[in-house]
Each structure stands twice: as structure tokens, then as C-alpha cells.
J.: 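Below is the structure I would like to discuss, written out as C-alpha cells.
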There are 2 protein chains.
Amino acid sequence: MTLKELAAELGVSTASVSNAFNRPDQLSPKLRERILSEARRLGYRGPDAKARSLRTGRSRIIAVVLAETLTYSLNDAVASELLSGIAEVLDAHGHTLLLLSGRQDASRVPGSSSIADGFIVYGLMPSLVLLDELQGTGRQPLVAVDFDLEGQPTVHVDDEPACYAIARHALTTPPRRPAVINLRLTEQPCNGRIGDDQALLSAERTITRARLAGFQRAFAEVGIDPAAVPMWNIEENTFEVCAPVIEAILDAPADERPDLLLCMSDRIALTALTLAEQRGLRVPEDLRITGFDGIAEGQYRAPRLTTVRQDSVEKGRIAARMILGLSPREDRLLSTKLIVGDTCP
Amino acid sequence: MTLKELAAELGVSTASVSNAFNRPDQLSPKLRERILSEARRLGYRGPDAKARSLRTGRSRIIAVVLAETLTYSLNDAVASELLSGIAEVLDAHGHTLLLLSGRQDASRVPGSSSIADGFIVYGLMPSLVLLDELQGTGRQPLVAVDFDLEGQPTVHVDDEPACYAIARHALTTPPRRPAVINLRLTEQPCNGRIGDDQALLSAERTITRARLAGFQRAFAEVGIDPAAVPMWNIEENTFEVCAPVIEAILDAPADERPDLLLCMSDRIALTALTLAEQRGLRVPEDLRITGFDGIAEGQYRAPRLTTVRQDSVEKGRIAARMILGLSPREDRLLSTKLIVGDTCP
DNA sequence: CTGTTAGCGCATTCAT
DNA sequence: ATGAATGCGCTAACAG
């Protein structure tokens with residue numbers, strides 16, 4: 001049943017039916033009541049969303065474009081928190097959430113994205129094709145989260161200072177063999193030790209590079225040559241991908257094994273913690289570990305993770321408010337908080 | 001720039017432009033190439049999704065309706081796994097994922113849902129209004145997951161046998177004081193001990209009731225009166241909501257404290273485990289704990305959780321295939337697997 | 001192989 | 001306060 005059919009059935013104009021649903025002040029309460037109740041009786045559920053969005057140009061749908069696959073993002077605590085924050089605001093304002101991945105073949109779904117009223121883009125995606133497309137259409141607002149996008153507002157946390165702070169904290173007890181476990185830092189995929197010859201992603205575009213800069217500033221300040229600190233790279237922030245790399249590190253001879261791991265995520269740190277425990281290494285006596293993110297899983301366990309807490313939920317809220325036009329479209333920088341847990345007291 | 005404008009600009013018909021994007025076989029490769037390249041040059045990004053979906057009646061969007069709030073669901077490991085499985089299949093078939101909550105005010109977004117080509121409904125939602133609306137429209141397919149919906153195909157796991165099996169396993173070592181920690185089982189909200197007078201949700205509609213039935217069958221079989229086993233109820237599957245209830249249980253005098261907790265979710269079991277460890281209780285010596293779900297967090301820690309593994313990702317895949325018409329629309333029952341971990345050997 | 005045409009279902013003028 | 005008319009941008013029949 002369409003609006004037109006309903007109007008014909010009731011002997012009123014289509015405008016009145018439309019107004020009954022959309023603009024109560026444009027018709028008498030009495031007529032409105034009649035239309036609404038008859039609509040219900042006849043099984044008319046309200047204006048069709050597709051037609052309405054074509055006509056009005058708005059869909060009340062906000063798309064979140066995730067740099068990783070949806071499958072990954074949905075199982076990542078940090079991405080989930082961000083989505084939570086976004087969903088909270090959208091929900092409160094009658095909008096819904098469309099999930100898009102920057103990894104899916106954009107050509108498969110041509111312009112499918114144009115259904116959304118706005119875009120929140122989370123993280124730097126491997127291909128910029130989709131981003132070009134999103135920006136090209138011109139009309140819909142776009143907010144970038146955790147990476148910079150020319151000409152678009154960005155929501156960030158203070159990655160460099162945060163990593164500087166946690167590294168300074170860790171380095172107050174001088175380590176014999178510090179090491180850094182990076183996340184997605186190399187130009188070319190690399191799941192393991194980073195050699196001197198390997199190119200890193202450029203500093204402007206990725207937060208992991210900013211985090212590394214923070215670590216290195218701290219190293220330099222306490223007289224450790226940053227270039228001499230061994231680094232590993234993790235390609236995906238999951239236990240499965242992370243574990244083999246960490247295992248190789250922990251299974252090195254005792255006089256080569258690091259006694260301090262600065263990890264770029266809690267997921268990595270927790271993996272290290274689990275694997276260290278399995279090997280009977282004492283944390284923090286034999287091995288100190290720091291993370292980044294402050295996810296719940298690291299705090300509700302013993303020993304508690306020493307980490308940097310970033311409020312991803314709030315990041316999501318801010319991005320969502322911006323995209324809905326509830327707050328000004330301008331760059332935002334959130335601060336973080338050092339959490340001194342048990343893994344690196 | 002619209003399709004029509006582009007056609008005018010190129011001096012071809014709108015049909016040719018449309019075909020260039022949608023039906024390559026309907027025009028010469030040469031013309032198609034010209035149209036596509038000119039489109040790119042002029043900044044035309046392809047057919048508008050809103051107009052296209054109105055015209056074709058399909059949007060390539062599948063909506064997932066979650067019984068809980070989005071904020072909760074996104075942070076729940078089981079719901080996230082389900083969504084992962086759904087996203088995997090949708091992605092592979094050029095569809096996108098719209099997240100809807102059964103808790104949001106349906107009237108706020110009238111018919112907003114009608115934009116989706118199909119619905120996957122996860123869990124029994126408090127208000128059935130939205131469900132009526134979804135079914136009422138008649139046309140779009142609908143699949144229910146983890147609850148039964150008259151006339152619609154359902155994807156389930158074997159909750160009752162699974163819980164029977166894990167309870168039988170636990171009861172091979174006779175407990176002195178067993179207890180059951182339920183999840184959302186009572187008719188009225190209740191976060192704490194379930195009294196004799198409290199009504200439980202009906203067995204047909206909720207999986208938690210089926211799980212309890214499994215536990216109780218096992219109790220009866222080993223000669224324990226199910227009615228004599230104390231039960232608690234948890235309103236939301238989060239650490240925060242769960243912790244106070246568990247604390248009260250663990251802080252009871254030693255001669256009242258249960259020595260076996262059958263929990264309806266891993267989240268609950270992990271909360272119990274964490275709180276027990278904090279109190280210096282030995283698991284499993286002083287307290288045995290079982291969970292349900294088999295989430296990663298319970299397996300990648302020590303002691304490993306004894307639980308029942310359900311493959312939520314696969315549940316999602318199956319539901320998604322069904323909704324896309326890739327597999328027959330019929331009820332599916334997935335089997336589960338008992339995982340004997342360390343918390344109840 | 002290409003062009004013309006008629007809606008998809010609705011919201012919004014502008015009359016009355 | 002109400003109704004008739006217009007077109008949002010596109011696709012699919014059909015005609016050429």
C-alpha cells in the first residue's frame with residue numbers, strides 16, 4: 001500500500017496523508033487522527049524510506065567507513081568502542097548506522113555510499129579510491145577519525161605525547177633490553193622484526209608513526225639511542241596474528257630477550273602477557289609490558305595492564321555530533337591518561 | 001551532476017549512460033568506455049543510490065535488528081561475532097550492513113527500516129512493535145536468530161542439550177553447593193537472587209530459558225532437586241552490571257558460598273573468575289565455574305574457562321546467506337561443543 | 001545497438 | 001486547512 005493509494009481510499013489528497021506523517025501542524029488534528037488510524041488499520045506503515053529519501057535528499061543514515069574489514073573491526077575493542085559512541089549519538093537523534101569497509105571493492109557497489117547523509121571515516125585505508133569518491137560527491141559532510149584528511153575535520157588523540165609519557169614512565173626503571181612492538185607501521189606488510197632497510201609509513205598519515213615518535217623521544221631523553229632499540233611490527237591487531245611474533249621474541253635466549261616491551265596496543269600487550277605467563281616469565285620482574293588504549297580486558301584482569309587510556313567512545317560521540325551538525329566542524333584533539341597498572345609499575 | 005545531465009553533455013541518451021554503469025552488454029564497449037571516462041572527468045560518480053533504490057526496489061542494504069542497544073551489542077563479544085559472520089557474507093556479495101536497535105523509539109524513524117532489502121533479527125526484543133512493523137510490510141525477507149518468530153525461519157544453537165552436557169560434566173564431581181547464574185531470565189528486571197515467587201520468561205521465546213532447562217535436567221538426573229539450587233539473575237551481560245551480584249555471592253560466609261557456578265555466559269563466568277581471584281579463592285579447588293559461548297577472552301587466559309563453544313560467526317553467516325537467498329529459508333540448528341578448561345576440569 | 005518514455009513513492013510548492 | 005501538480009534521479013520496457 002502506498003501513500004497515494006491510502007489517500008484515494010480515504011478520499012483525501014496525498015498531501016494530507018504526507019502531512020499527517022510529517023507535518024502535524026499542516027492539517028487539523030481531527031483529520032490527522034483519522035488518517036493515522038485508518039493507515040494503521042489498512043496496514044500502511046508510513047512513507048516509504050526509499051522514495052522519501054529521494055525526494056528529501058536525506059536518509060537519516062550515517063555511514064561509518066572502517067579502514068579494516070568489518071569482520072576485524074567488529075571484533076576489535078577500540079573500533080567497537082568508537083562505534084558505540086557513534087551509535088549512541090545517532091540513536092539519540094533518530095539516525096541509523098551503516099557500516100562500510102574501506103577494503104571492500106568499491107567498484108562493486110558503485111555510488112552505493114551516496115545513500116548516507118554523512119560519513120565518518122575511521123583510520124587510514126589502504127586504497128584512497130573510496131575516499132576520493134566520498135569527497136568527490138561534494139555534498140555530504142565527512143569527518144576523519146585517527147588520521148588526517150586534507151580539508152576535512154579530524155578527531156584525534158594526543159598519540160605522541162601519550163607515548164612519550166608512558167615510555168618516560170617505563171624508563172624510570174632503566175631497562176637492559178627495551179623493545180618496541182609496533183602496529184601496522186611499515187610501508188610493506190611485515191609481521192616480525194623490522195630491519196633497518198624497511199620503510200615506515202609517513203608520519204603525517206598514521207597514528208602509529210606518531211606513537212613511535214613519542215617512544216623515541218623518551219628513549220633519546222634518557223640517553224638510549226632510538227635506532228638501537230629493536231622493533232617488531234604486527235600486521236593485524238589480533239591474538240592470532242600477534243602471537244607468533246611475540247612467541248619468537250620470548251623464546252629468544254635469555255640474554256637476548258627484552259625485559260621491556262613497549263606495545264602500541266593493549267591487544268598486543270595482552271598477547272605478550274598471556275604468552276609470557278605461559279612460559280613462566282614473571283611480569284613485571286622478568287618482563288615489563290606497556291600497552292595503549294586502555295581497553296576493559298586489560299583492566300579487569302590480574303596483573304592489570306600499564307597503559308594509556310584513550311576514550312574511544314567519546315571520540316565516536318564527537319565525530320557523530322560533528323557529522324550531524326550538532327557541533328562545529330573543526331579538528332579535535334582528545335587527551336589521554338596514563339594508567340600505571342601492574343605490568344610496568 | 002546527474003545521469004541526465006551527463007547524458008546531455010555527452011549527447012547520448014540517459015539509457016546509454018545507465019547501461020554503461022549497470023548493463024555492459026547493452027551497449028558497445030566503445031561507447032561504454034567513452035561514457036565511463038567522461039563521467040570520471042566530469043565528476044559524475046555513478047547513479048545516485050537513493051534514486052536507484054527507489055527505481056529498482058532494492059538497496060543492497062541488509063539491516064540487522066539487535067534486541068539490545070547498539071552500544072551494548074557492539075561491545076558484546078557474541079553479538080560482535082554474529083555481526084562479523086553477517087558482514088563477511090554481505091561484503092562478499094556487495095551488500096552493506098545497517099545496524100538497527102529494537103530499543104530505539106521505532107516511531108521516531110517511521111518506516112526508516114523499509115530501506116533495507118531484508119532483516120536479520122537478533123534476540124528477543126522487549127517491544128514487539130518493531131517486529132510487527134517489519135513483518136507487516138510483507139515484502140522483505142526476515143530471519144530470526146536466537147529466538148523464535150512465528151512464520152519466519154530461525155537460526156539457533158542447541159542450547160538445552162549444550163547446557164545439559166556442561167552441567168553433567170560439572171556434576172561428575174558432586175558439588176556441595178551448586179548455583180546457577182542466569183542471564184535475563186526473569187519476567188521482571190531483577191539483578192540479584194531469584195526468589196521463588198518470580199516469574200520467568202516463557203520457554204518458547206528465550207534461549208536462556210532453554211539453557212536453564214538443560215542445567216535442571218542434569219541436576220535432576222544426579223539426584224539434586226533443581227528447585228533447591230539457588231539461582232541468581234543478571235540483567236545485562238557486562239562486567240559492571242554483573243560484578244555486584246557476583247560479589248554478593250562470593251562474599252557470603254564460607255559455609256553458604258557456592259562451590260560450583262553454572263553461568264549462562266562467558267562474560268558472567270569471567271567476571272566471577274576475576275572476582276574470585278581478587279578474593280584469593282582458588283579456582284577450581286574452592287570454586288568451580290562454567291560459562292557459555294566460548295569467547296576468545298575466556299580461552300586466551302589462564303585458567304582457561306570451561307564452557308560451551310557456540311559458533312556465532314557461523315550463525316551470522318547462515319543468517320546472511322538465508323537473507324540473501326543463497327540458501328533455503330528454513331530453520332537451522334547449530335551444534336555446540338563442550339570445552340573442558342581449567343575452571344571446571 | 002541506441003533513444004524515448006513512463007513511472008518508482010513521495011514532499012512540496014502554489015493555488016483555492 | 002486542503003488539493004492538484006511537479007519532479008527528485010533513475011531503470012526498464014519498448015520502439016526505432
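Here is the naming used below: chain letters follow the sequence lines, and residue numbers restart at 1 for every chain. The figures here come from the full heavy-atom set of this structure, side chains too, leaving out hydrogens, waters and symmetry mates. What you see is a predicted model; the values in this text were computed from it and never measured.
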J.: Once you round it to whole Å, what is the distance between P of D:dG9 and CG of B:Asn19?
T.: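 B:Asn19 atom CG is separated from D:dG9 atom P by 20 Å.
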J.: Where do B:Arg103 and A:Asp91 land on the side-chain contact (heavy atoms from CB on, under 4.5 Å) test, with the steps shown first?
T.: CA-CA 10 Å; B:Arg103 309 216 149 208; A:Asp91 237 45; over 6 Å; no
J.: Could you tell me how far apart B:Met1 (CE) and D:dC10 (P) are, to the nearest whole angstrom?
T.: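 In whole Å, D:dC10 P and B:Met1 CE are 11 Å from each other.
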J.: Report the nucleotide, chosen from C:dG9, C:dT12, D:dG9, that has the shortest atom-to-atom distance to any side-chain atom of A:Arg23.
T.: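 Of the candidates, C:dT12 comes closest.
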J.: Take atom CG of A:Leu6 and atom C1' of C:dC10, then tell me their distance rounded to the nearest Å.
T.: 13 Å
J.: So does A:Leu82 get a backbone contact from the side chain of A:Ser312, meaning a donor-acceptor N/O pair under 3.5 Å?
T.: no
J.: Please confirm whether the backbone N or O of A:Lys50 pairs with a side-chain atom of B:Ser53, one donor and one acceptor, at under 3.5 Å?
T.: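 It does not hold such a pair.
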J.: May I have the list of side-chain donor-acceptor pairs in residues 326-334 of chain B shorter than 3.5 Å, sequence neighbours left out?
T.:
unit_1: B:Arg329; atom_1: NH2; unit_2: B:Leu142; atom_2: O; d: 3.3
unit_1: B:Arg329; atom_1: NH2; unit_2: B:Gln152; atom_2: OE1; d: 3.3
unit_1: B:Asp331; atom_1: OD1; unit_2: B:Thr154; atom_2: N; d: 2.9

J.: Under 4.0 Å, counting only non-hydrogen atoms across every strand here, what does B:Leu27 touch: a base, just sugar-phosphate, or nothing?
T.: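 Sugar-phosphate, backbone atoms only, no base.
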J.: Nearest to the side chain of A:Ser18 - D:dT2, C:dA11, C:dT2?
T.: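 The nucleotide sitting nearest to the side chain is C:dA11.
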J.: Applying side chain to side chain donor-acceptor pair (under 3.5 Å), name anything that partners A:Glu314, two or more places apart in sequence or on another chain.
T.: A:Arg317
J.: Between C:dT2 atom P and B:Leu10 atom CG, what is the distance in whole Å?
T.: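 Answer to the nearest Å: 13 Å.
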J.: Nearest to the side chain of A:Arg52, which nucleotide is it out of D:dA12, C:dC10, C:dG3?
T.: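 It is C:dC10.
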J.: May I ask you to test the B:Arg52-B:Asn22 pair for a side-chain heavy-atom distance under 4.5 Å?
T.: yes
J.: Of the nucleotides D:dT2, D:dA12, D:dG9, which has the atom closest to the A:Leu31 side chain?
T.: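 Among D:dT2, D:dA12, D:dG9, the one nearest the side chain of A:Leu31 is D:dT2.
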J.: Is a donor on one side and an acceptor on the other found under 3.5 Å between the side chain of A:Asn19 and the backbone of A:Ala15?
T.: yes
J.: Name the nucleic acid region contacted by B:Leu54, choosing base, sugar-phosphate or nothing; use a 4.0 angstrom heavy-atom cut-off, strictly under.
T.: base
J.: Does B:Ser28 make a side-chain N or O approach to OP1 or OP2 of C:dC1 shorter than 4.0 Å?
T.: no
J.: Take the protein atom NZ of B:Lys4 and the nucleotide atom C1' of C:dG3, then report the distance between them rounded to whole Å.
T.: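 Value for this atom pair: 14 Å.
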J.: Can you tell me how far P of C:dA11 sits from CZ of A:Arg60, to the nearest Å?
T.: 13 Å
J.: Check nucleotides 4-7 of chain D for protein N or O atoms closer than 3.5 Å to its own N or O atoms and list the pairs.
T.:
unit_1: D:dG7; atom_1: N2; unit_2: A:Arg55; atom_2: NH1; d: 3.0

J.: With respect to the side chain of A:Ala51, which nucleotide from D:dA12, C:dG9, D:dT2 is positioned closest?
T.: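 Looking only at heavy atoms from C-beta outward on A:Ala51, the closest nucleotide is C:dG9.
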J.: Taking OP1 and OP2 of C:dG9, is either one under 4.0 Å from a side-chain nitrogen or oxygen of A:Tyr44?
T.: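 No, outside the criterion.
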J.: Would you kindly give the CG-to-P distance between A:Asp25 and D:dA1, to the nearest whole Å?
T.: 9 Å
J.: Where the side chain of A:Asp48 is concerned, which of D:dG3, C:dC10, D:dT2 is the nearest nucleotide?
T.: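 For the A:Asp48 side chain, the nearest candidate turns out to be C:dC10.
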J.: Using the side-chain contact (heavy atoms from CB on, under 4.5 Å) definition, which of the options B:Leu70, B:Leu100, B:Leu83 pairs with B:Val64?
T.: B:Leu83
J.: Whole angstrom is fine here: how far is it from CZ in B:Phe21 over to C1' in D:dC10?
T.: 12 Å
